[in-house]
Number of protein chains: 2
Amino acid sequence: MNLDEAKEKFVQTWGGLGAQWGINKTMAQLHALLFISAESLSTEDIMETLQISRGNVNMNVRELIDWGLVQRVNKTGNRKDYYLAEKDVWKIAKLIVRERKKRELEPIISLLVELGKPEGDKNSQEYKSFVESMTQLKNFSETINNSVERMIKADENWLGNLFLSMLKK
Amino acid sequence: MNLDEAKEKFVQTWGGLGAQWGINKTMAQLHALLFISAESLSTEDIMETLQISRGNVNMNVRELIDWGLVQRVNKTGNRKDYYLAEKDVWKIAKLIVRERKKRELEPIISLLVELGKPEGDKNSQEYKSFVESMTQLKNFSETINNSVERMIKADENWLGNLFLSMLKK
DNA sequence: ATTTATTTTCATTTTTTTTTGAAAAATCAA
DNA sequence: TTGATTTTTCAAAAAAAAATGAAAATAAAT
């Protein structure tokens with residue numbers, strides 16, 4: 001396998017992987033492409049490499065910028081926008097964890113609080129069982145949420161340090 | 001909000017959540033429904049509650065059984081199959097982590113090993129940059145993989161203990 | 001062995017998601 | 001301000017994913 005084939009395979013596989021995690025396949029491919037590109041790329045570069053439309057590049061690049069995974073850069077003597085991805089894998093992990101926490105974990109907790117005290121016969125088995133489930137899940141979610149929050153606020157390299165410390169123990 | 005409304009809302013929201021993580025919405029709803037049901041449910045119970053077809057119930061229940069999140073149970077004096085979900089949230093988390101590790105993390109690592117040494121001019125900037133990316137990602141993936149493996153093999157309550165210990169530190 | 005109850009399969013339909021591409025908007029230079 | 005370049009939007013088209021439901025297969029009872 002030569003270098004170009006390896007790049008191609010990485011981009012394709014990363015796209016498939018992303019799809020399994022609920023990420024638009026093109027967005028994952030685009031992220032993979034920018035991740036392995038030493039130089040920043042223009043919309044045209046991306047359109048050509050991934051064989052996708054201008055609109056598609058634009059939408060998915062914007063989404064990656066929203067996640068903080070990609071930034072826009074300008075080259076001197078050139079009007080076009082170029083895109084450059086974060087290269088540090090631990091920083092990438094942190095950005096993703098932070099974003100999913102905000103978008104998904106926090107809303108779950110709000111929901112579970114809301115569902116914690118429904119009206120109904122509080123002595124029925126059915127009622128007790130439901131409330132117990134919600135409580136368990138809320139405790140779980142809060143534990144994860146607090147831990148993630150603490151880790152994000154701590155050292156830039158929290159995730160690395162966490163796993164290293166666990167391996168040494 | 002009464003009990004039935006709360007149950008309904010939980011099932012719907014959990015379904016939406018699952019979809020964001022690449023899980024079939026119906027599968028996530030079905031899991032939510034079984035999770036909050038004290039009693040095991042039959043195919044008919046599920047069809048009626050979620051308003052979905054028999055085939056759909058069958059396919060998604062099988063998938064949940066594959067993940068180890070649901071088991072088939074038989075009631076005496078009754079020929080039908082009933083389905084019962086794991087209720088312990090930490091055990092659920094463990095089952096999901098274990099399965100995603102096996103299905104996704106391990107294949108990534110194989111890929112990264114394969115892509116680590118492509119043919120090409122080993123002195124070019126482009127070559128060095130790609131190999132460096134693959135190496136970083138492989139190290140990251142292996143750290144996560146080893147940690148997860150260690151945790152799964154350890155205490156049944158590894159994940160809980162992990163986060164508790166982090167909070168105390 | 002036959003009937004009845006139940007589960008599974010899978011070709012077709014439906015729904016949802018993603019992509020396209022051309023028009024509109026924005027940006028910049030002269 | 002005008003014109004050239006580039007980006008963004010979004011209705012429509014295409015593709016992908018999920019659901020249906022009836023037939024086939026399986027399992028149990030008589």
Side-chain angles (χ1 to χ4, degrees), chain A residues 11-34 40-67 70-85 103-104, chain B residues 11-34 40-67 70-85 103-104:
Chain A
V11 169
Q12 289 303 320
T13 308
W14 206 246
L17 247 295
Q20 292 190 276
W21 283 79
I23 292 151
N24 178 314
K25 194 181 77 185
T26 299
M27 178 172 150
Q29 286 180 347
L30 214 163
H31 181 239
L33 175 63
L34 290 171
S40 60
L41 301 180
S42 69
T43 298
E44 279 76 12
D45 295 334
I46 297 167
M47 286 170 68
E48 188 172 344
T49 309
L50 300 182
Q51 290 291 308
I52 59 177
S53 72
R54 183 175 301 280
N56 202 3
V57 171
N58 190 269
M59 285 171 67
N60 286 109
V61 149
R62 174 141 40 76
E63 186 77 6
L64 287 168
I65 292 170
D66 274 356
W67 281 73
V70 166
Q71 63 185 119
R72 229 180 273 270
V73 296
N74 290 302
K75 290 192 175 176
T76 47
N78 194 324
R79 193 146 137 191
K80 280 206 201 110
D81 286 348
Y82 288 79
Y83 305 103
L84 188 65
R103 296 184 188 197
E104 291 147 22
Chain B
V11 169
Q12 290 302 321
T13 308
W14 207 245
L17 247 294
Q20 292 190 277
W21 284 80
I23 291 152
N24 178 314
K25 194 181 75 184
T26 298
M27 180 170 148
Q29 286 181 347
L30 215 162
H31 182 239
L33 175 63
L34 289 172
S40 60
L41 301 180
S42 70
T43 299
E44 279 76 13
D45 295 333
I46 297 167
M47 285 169 68
E48 188 173 343
T49 309
L50 300 182
Q51 291 290 309
I52 59 177
S53 72
R54 183 176 300 282
N56 202 2
V57 172
N58 189 269
M59 285 170 64
N60 286 107
V61 148
R62 173 140 39 75
E63 186 77 6
L64 286 168
I65 292 171
D66 274 357
W67 280 73
V70 166
Q71 64 185 118
R72 229 179 272 272
V73 296
N74 290 302
K75 290 191 176 177
T76 47
N78 193 325
R79 195 144 135 189
K80 280 204 200 111
D81 286 348
Y82 288 79
Y83 305 103
L84 187 66
R103 296 184 188 197
E104 291 147 22

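Throughout, protein chains are lettered first and strands after them, A, B, ... in sequence-line order, and every chain is numbered starting at 1.
With A/E48 contributing its side chain and A/D45 its backbone, the two residues share no donor-acceptor pair below 3.5 Å.
In this structure, B/Q29 places its CD atom 13 Å from P of D/dA18, rounding to the nearest Å. As a whole-Å value, the separation of B/K80 NZ from D/dT26 C1' is 17 Å. One interatomic measurement links the two molecules: CE of B/M27 to C1' of D/dA19, which rounds to 16 Å at whole-angstrom precision. If you take CD1 of B/I23 and C1' of D/dA17, they are 15 Å apart, rounded to a whole angstrom. Summarising the geometry, the separation between CG on A/D45 and C1' on D/dT6 is reported as 14 Å, rounded to the nearest angstrom. Rounding to whole angstrom units, CG of residue B/N24 and P of D/dA16 are separated by 18 Å. Separating the CG atom of B/N74 from the P atom of D/dA27 is a distance of 13 Å, rounded to the nearest angstrom. In this structure, CD of B/Q20 is placed 16 Å from P of C/dT16, rounded to the nearest angstrom.
The minimum heavy-atom distance between B/L34 and B/Y83, with the atom names listed, is CD2-O, 3.5 Å. Considering every non-hydrogen atom in both B/R72 and B/I65, the closest pair reads NH2-CD1, 3.8 Å. Taking all atoms of both residues into account, the shortest heavy-atom contact from A/A28 to A/G15 is CB-CA, 3.8 Å. Across all their heavy atoms, B/Y82 and B/S40 have their closest contact at CB-OG, 3.4 Å. Smallest separation of non-hydrogen atoms from A/K80 and A/N74: O-OD1, 3.6 Å.
Separation of atoms CD1 (B/I46) and CD1 (B/I52) is listed at 7.5 Å; rounding is to 0.5 Å.
Side-chain proximity of A/R62 to D/dA18, D/dT9, C/dT9: nearest is D/dT9. Side-chain proximity of A/T26 to the nucleotides D/dA29, C/dT19, D/dT8 is greatest for C/dT19. Closest approach to the B/N60 side chain among D/dA19, D/dA28, C/dT9 is made by D/dA19 (side chain taken as heavy atoms from C-beta onward).
Within residues 48-57 of chain A, the residues having any heavy atom closer than 4.0 Å to DNA chain D are, in order of number, A/R54, A/G55.
Residues A/K25 and A/D81 each lie close to DNA chain D; by heavy-atom proximity, the contact nearer the 5' end of the strand is made by A/D81. The residue among A/A19 and A/M59 whose nearest nucleotide of DNA chain D lies closer to the 5′ end is A/M59.
Among the heavy atoms of the strands lying under 4.0 Å from B/N58 is at least one base atom, whether or not backbone atoms are also near.
OP1 or OP2 of C/dT8 has at least one side-chain nitrogen or oxygen of B/R72 nearer than 4.0 Å.
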